[in-house]
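Shown next, in structure tokens, is the structure this report addresses.
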There are 2 protein chains.
Amino acid sequence: MGEYQLDTVLSAVADPTRRAILDRLRVSDARVTELAREFPISLNSTSKHIKVLERAQLVERHVRGRDHVLSLRAEALGEAVAWMTQYREFWEQRLAALEAFVLADADSDVDGDTDAVAGTTSGAER
Amino acid sequence: MGEYQLDTVLSAVADPTRRAILDRLRVSDARVTELAREFPISLNSTSKHIKVLERAQLVERHVRGRDHVLSLRAEALGEAVAWMTQYREFWEQRLAALEAFVLADADSDVDGDTDAVAGTTSGAER
DNA sequence: TTGATATTCACCCATGGGGGTGAATATATG
DNA sequence: CATATATTCACCCCCATGGGTGAATATCAA
């Protein structure tokens, strides 16, 4: 819960490949080889990235025989968001501008959920 | 606005010293030497960290004579928060648990602002 | 048992990053 | 002008990291 965990989570998420893996796992669970096939890196690199994400507690591994099934466990992002929330007043306006981007990017999220960002902004007015 | 900016911001913020600098600048603007005095690193290291934060557009530099005054410009965090918002459903519950932590940590924030996280959480309920 | 598949382990390589020191540059000030 | 202060520049060092390859390990399937 401390600085260290924040370091781990933020540096894990600072890598574009790892963000892509998380984005992919948002769609469905996947095995290591499946992930490796979907990204332009080797199986070994994929394995390493997964280990980093595991250390950051952003994914969870379920071993079933020889298959390792990865699933998203993004609770750890909460700490990062909590830290950034301290700077809320700075990015409030910017979030509004980025709202369109998020909505366009989150195709699997087009129902009543879509007002999440607006909810954040309105909840933070002073 | 793209992946690159996200990389820059997240990796900038992944370093504890740089987060400490941002936290410090939340209190007030400061010169490079002032910041260096307040952290257990050399003036040169401080200068480098500031350059990283500048590149990520998290701080702004105003040169007045030989003094370089740094001020917080954390709008760039909006993009990071926007990305993490896609994982909102995962950290919602966790944010509630971390709320106490944020409140305890943000001493300069003890007025009506304190319901910010709660606002986010309630705004995102489904 | 034998062979195929899934994943990791043990390395190697190159790059970048955080930390440091000492010199250069720019601006104040006596 | 001469000197002190503020900041950066040019390096150096070390280690972590992303990427790769080839071998080991474990499990499945024939």
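Nothing here was measured: the structure is a model prediction, and the numbers come from that model. Proteins get letters first, then strands, A, B, ... in listed order; numbering begins at 1 in each.
Note on A/Lys48: a base of the nucleic acid sits closer than 4.0 angstrom, heavy atoms only.
C/dT25 atom C1' lies 15 Å from atom CG of B/Asp67, rounded to whole Å. In this entry the distance linking CD1 of B/Ile21 with P of C/dG18 reads 11 Å, nearest Å. Put simply, CZ on B/Arg55 is 11 Å from C1' on C/dG16, counting in whole angstrom units. A straight line from CD1 of B/Ile50 to P of C/dG18 spans 14 Å, rounded to a whole angstrom. Atom NZ of A/Lys51 and atom P of C/dA6 are 18 Å apart (whole Å). Distance B/Asp7 CG to C/dG16 P: 14 Å, rounded to the nearest Å. When rounded to the nearest whole Å, the span between CG of B/Leu70 and C1' of D/dA6 equals 12 Å. In this structure, A/His49 places its NE2 atom 18 Å from P of D/dA16, rounding to the nearest Å.
A/Val59 and A/Val52 fall into different hydrophobic clusters, where Ile, Leu, Val, Met, Phe, Trp and Tyr side chains are chained together by heavy-atom contacts under 4.5 Å.
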For nucleotides 22-30 of chain D, list the nitrogen or oxygen atoms of the protein found under 3.5 Å from its nitrogen or oxygen atoms, one pair per line.
from, atom 1, to, atom 2, distance (Å)
D/dG22, O6, A/Asn44, ND2, 2.4

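Considering only side-chain N and O atoms, A/Arg18 lies under 4.0 angstrom from the phosphate OP1 or OP2 of D/dG18. For A/Ser42, a side-chain nitrogen or oxygen approaches OP1 or OP2 of D/dG20 to under 4.0 Å.
Of the residues near DNA chain C, B/Pro40 and A/His68, the one whose nearest nucleotide (by heavy atom distance) lies more toward the 5' end is A/His68.
When all heavy atoms of B/His62 and B/Ser71 are compared, the pair lying nearest together is CD2-OG, 3.9 Å. Here the closest non-hydrogen pair linking A/Glu34 and A/Asp29 is OE1-O, 4.5 Å. Taking both residues in full, the closest heavy atoms of B/Ala12 and B/Leu53 are given as CB-CD2, 4.4 Å, listed atom of the first, atom of the second, then distance.
No salt bridge links B/Lys51 with B/Glu54; every basic N to acidic carboxylate O contact stays at or beyond 4.0 Å.
Between A/Trp83 and B/Val13, the closest side-chain pair of non-hydrogen atoms falls below 4.5 Å.
If you check D/dG20, D/dG18, C/dG19 against the side chain of A/Ser45, the one that comes closest is D/dG20.
Rounding to the nearest 0.5 angstrom, the gap separating the CD atom in B/Glu60 from the CG atom in B/Leu72 is 10.0 Å.
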